[in-house]
**Student:** 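To start, I am sharing the structure in question, which I have written as structure tokens.
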There are 2 protein chains.
Amino acid sequence: MTTIKDVAQHAGVSTATVSRVLNGHAAPTEETRTRVLAAVEELGYRPNALARSLRTTSTTTLGLVISDLVNPFFAEIARAVEEEARAHGFCVIVANADESAEQQATYVRNLLDRRVDGLLVCPATDDPTWIAEVEDKHIPLVLLDRTVAGATCPVVRADGAQALADLAAALTAAGHRRVGVIAGPADTSTGRERLEQFARGGLELEVVHGDFRRDSGVRAAAALLDLPDRPTALVAMDNLMGLGALEELRRRNLKVPADVGLAVYDDQPWFPLLDPPITVVAQPTVEMGRAAARSLLALIAGEQPDDVRLTARLVVRGSCGEATGAA
Amino acid sequence: MTTIKDVAQHAGVSTATVSRVLNGHAAPTEETRTRVLAAVEELGYRPNALARSLRTTSTTTLGLVISDLVNPFFAEIARAVEEEARAHGFCVIVANADESAEQQATYVRNLLDRRVDGLLVCPATDDPTWIAEVEDKHIPLVLLDRTVAGATCPVVRADGAQALADLAAALTAAGHRRVGVIAGPADTSTGRERLEQFARGGLELEVVHGDFRRDSGVRAAAALLDLPDRPTALVAMDNLMGLGALEELRRRNLKVPADVGLAVYDDQPWFPLLDPPITVVAQPTVEMGRAAARSLLALIAGEQPDDVRLTARLVVRGSCGEATGAA
DNA sequence: CTTAGCCCTGTAATCGTTACCACGTGACCG
DNA sequence: CGGTCACGTGGTAACGATTACAGGGCTAAG
């Protein structure tokens, strides 16, 4: 592997000069500049990012800890974060916590060890212990999608209050009174919040908690559909649990919305293709990712960005049934 | 930030001893061991991964360059790679090339700069120039999903020949003669191969090339459906283009399979939920990711793993129509 | 003609670790 | 009882880059 020393030797200058040329510092002569660049070219030299970062204590790298990479919601966020970061010359290391608090903590530590310049985390649970570790080291931190009690860092998330109120109203208008909710885990802020906000809609709720994954959606739907007094509609608080619910409905040969109405929090491209298309609360996923990256970069630059709340909105498509004037 | 020096001082030993304790080398006394560990604990010391890697020339990190993170096929692969790597104590840096050869090259270089121990790439195009760079530096490399002409490194991919033959047969049995193919880019191995293998099925084909993304699926489907002598079925060679095709069919109010049959290469969890459920060629996604990670780790360990070909299989679901005994 | 000042360059220290070598001590054996 | 051996430990030189500081050459001014 060729080092800066090789380049220096090849160009007949010192390593300091090579470094200066490569970093555009203290302008060297045009002549030495071209000579150095020629040597770099010829040897195919690439600076060792490890050595450089060790010296400069900067990696121009952001760490992103995602709750679940296979969840398209998070995949899209990851992509948005990455794009925004790249536009600012930063690179992103994506780590997948798989909705596990332990794995999340492991990754946070790992990213800190690698000296990322900042950390973007979608917290798996409410457990706040890992945050202290990050703040001790004075590494800029931004929370994404979910918050954690007692966190003092900026938070970027969607505000679904209005959309969920609208959803409750739409369900009511369609004649639903008793609704089964497939909620997120009670130890996540989004899990609690969405449920709370939806509960304000005045419907009678049956609640089963899932874990934001497909299988839990299947189980929760089954539990709700097995109730003696079956709810007339289901609301899944996450796209993967929505998928699970759909699978269970299909398995039981229940027609949507004739037998059971359905709505899902978080839109997916295939929801409009179902028959009937699924009514959803759509989140501004890409904007969330971008905003989070921007906040983190601001924090790194020494600014004090505010929390960001982007509004989610209801998209009525038909899976909850038609509004009946009679109701 | 506390360094190994602080720990050494705190424990009253030399930095060398601290290092030995932490790395389990040349057994120190039980007594010094506990003393050092106590100091580590007390100071909350974590070794600087940059410095360590600089010294040892090993990062226990794999680089994974993905064609498109938002494509669920690749997202699932990424997850599998990451799991397998973690099981072996390796960490994965995921980079998203967004189907762009340039961005891919940029990321490959970036990962090499960071001195990853090995590289896993899903090549965006056939352009092989970047491979030379990797091989020059003797960094272990494994190609995933797609291959590149002249590559001498191990390749892990799916073999869809039989499945595509089966699909052609199934389409024929269902009475189709002229089929519109939404193919992948001609400058990707999977794009060419799938088309070639399907073409052997003896059907009359109309081919439009897409780019493995949703929009291109929409456009390609539109082009095919606008043909004067419209094909009786469409085959999309990738799940995202399949999604696009479905959207276009929906927009035109064409019924599947009554008006047009449809099949897609690469299964997705929501395909069975459509009406009718979509016939697909299912790839062993997770196994591909795992196998690729294993191959790369073997390469890093100095072994010479063989190429891996995992067989894809046809899953008939109904979107191509029923086999007619009459045909 | 001398000297101040500027610009370019090189020398060397440094970032935090680990590898190598040398040293001291205690044990064991002849 | 002395010599060897083994083992635990400390000092120190790397790893590959950046950067403060110093020095040398040249121009311009007095």
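This one's a predicted model, so the numbers in the text were calculated from it and none came from an experiment. Chain A is the first sequence line, chain B the second, and so forth, proteins listed ahead of strands; every chain is numbered from 1.
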**Student:** Any ion pair linking A:Lys137 and A:Glu133 (charged N to carboxylate O, less than 4.0 Å)?
**Tutor:**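 Salt bridge absent between A:Glu133 and A:Lys137.
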
**Student:** When you get a sec, tell me which of C:dA19, D:dG16, D:dT18 is the closest nucleotide to the side chain of B:Ala16?
**Tutor:**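 Among the listed nucleotides, the one closest to the side chain of B:Ala16 is C:dA19.
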
**Student:** Between A:Asn48 (CG) and C:dC15 (C1'), how many Å, whole number?
**Tutor:**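 Atom CG in A:Asn48 sits about 13 Å away from atom C1' in C:dC15.
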
**Student:** Please determine, for the side chain of B:Leu54, which listed nucleotide (D:dT18, D:dA17, D:dC15) has the closest atom?
**Tutor:**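 That would be D:dC15.
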
**Student:** Rounded to whole angstrom units, what separation is found between the CG atom of A:Asp113 and the P atom of C:dC15?
**Tutor:**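 Interatomic distance, CG of A:Asp113 to P of C:dC15: 19 Å.
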
**Student:** If I compare all heavy atoms of A:Val65 with all of A:Val108, which pair ends up nearest, and what's the gap?
**Tutor:**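 Reported closest heavy-atom pair: CG2-CG2, 4.2 Å.
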
**Student:** Take the protein atom CG of A:Leu43 and the nucleotide atom C1' of D:dG16, then report the distance between them rounded to whole Å.
**Tutor:**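 My rounded result for the distance is 15 Å.
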
**Student:** Nearest to the side chain of A:Pro47, heavy atoms from C-beta on, is which of C:dT9, C:dT17, D:dA17?
**Tutor:**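 The closest nucleotide is D:dA17.
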
**Student:** Is any side-chain N or O of B:Thr3 closer than 4.0 Å to OP1 or OP2 of C:dG16?
**Tutor:**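 Indeed not, no polar side-chain atom of B:Thr3 lies that close.
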
**Student:** Between B:His25 and C:dA19, is there a contact of a side-chain N or O with OP1 or OP2 at under 4.0 Å?
**Tutor:**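 Yes, such a contact exists.
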
**Student:** Could you tell me the separation between the CD atom of A:Glu30 and the C1' atom of C:dC8, rounded to a whole number of Å?
**Tutor:**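 So the two atoms are 14 Å apart, to the nearest Å.
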
**Student:** To the side chain of A:Ile4, which of C:dT9, D:dG10, D:dT18 is closest?
**Tutor:**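 From the listed options, D:dT18 comes nearest.
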
**Student:** Distance check needed: C:dG16 P versus A:Arg52 CZ, whole Å only.
**Tutor:**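 Checked: the CZ to P distance equals 18 Å.
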
**Student:** Could you work out which one of D:dT19, C:dT18, D:dG11 sits closest to the side chain of B:Thr15?
**Tutor:**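 So the side chain of B:Thr15 is nearest to C:dT18.
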
**Student:** Mapping A:Thr56 and B:Arg55 to their closest nucleotides on DNA chain D, which lands nearer the 5' end?
**Tutor:**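 So the residue in question is B:Arg55.
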
**Student:** When the distance from CG of A:Leu50 to P of C:dT17 is rounded to whole Å, what number comes out?
**Tutor:**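 Rounding to the nearest Å, CG of A:Leu50 and P of C:dT17 are 13 Å apart.
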
**Student:** Looking at the side chain of B:Thr17, which of C:dC15, D:dG10, C:dA19 is the nearest nucleotide?
**Tutor:**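 So the side chain of B:Thr17 is nearest to D:dG10.
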
**Student:** Does B:Glu99 pair with B:Arg146 as a salt bridge, N-O distance under 4.0 Å?
**Tutor:**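 A salt bridge is present here (some side-chain N lies under 4.0 Å from a carboxylate O).
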
**Student:** B:Thr29 has a side chain; which of D:dA17, D:dT9, C:dT9 sits nearest to it?
**Tutor:**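 The answer is D:dT9.
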
**Student:** Specify the separation, in whole Å, of atom CG of A:Leu22 and atom P of D:dG16.
**Tutor:**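 So the two atoms are 16 Å apart, to the nearest Å.
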
**Student:** So, OP1 or OP2 of D:dT9: does either fall under 4.0 Å of a side-chain N or O from B:Thr32?
**Tutor:**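 True: B:Thr32 side-chain N/O within range (under 4.0 Å) of D:dT9 OP1/OP2.
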
**Student:** Would you state whether a donor and an acceptor, one from the side chain of B:Arg33 and one from the base of D:dG8, lie under 3.5 Å apart?
**Tutor:**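 Answer is no: no donor-acceptor pair is held.
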
**Student:** Among A:Asn23, A:Thr60, A:Thr59, which residue meets the side-chain hydrogen bond (donor to acceptor under 3.5 Å, both in side chains) test with A:Arg52?
**Tutor:**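 Testing A:Arg52 for a side-chain hydrogen bond (donor to acceptor under 3.5 Å, both in side chains) against A:Asn23, A:Thr60, A:Thr59 leaves exactly one candidate, A:Asn23.
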
**Student:** Donor-acceptor check, side chain of B:Arg79 to backbone of A:Val70, threshold 3.5 angstrom: yes or no?
**Tutor:**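 Pair absent, no side-chain N/O of B:Arg79 close to backbone of A:Val70.
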
**Student:** In whole Å, I'd like the distance from the CD atom of A:Glu31 to the C1' atom of C:dC8.
**Tutor:**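 My rounded result for the distance is 12 Å.
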
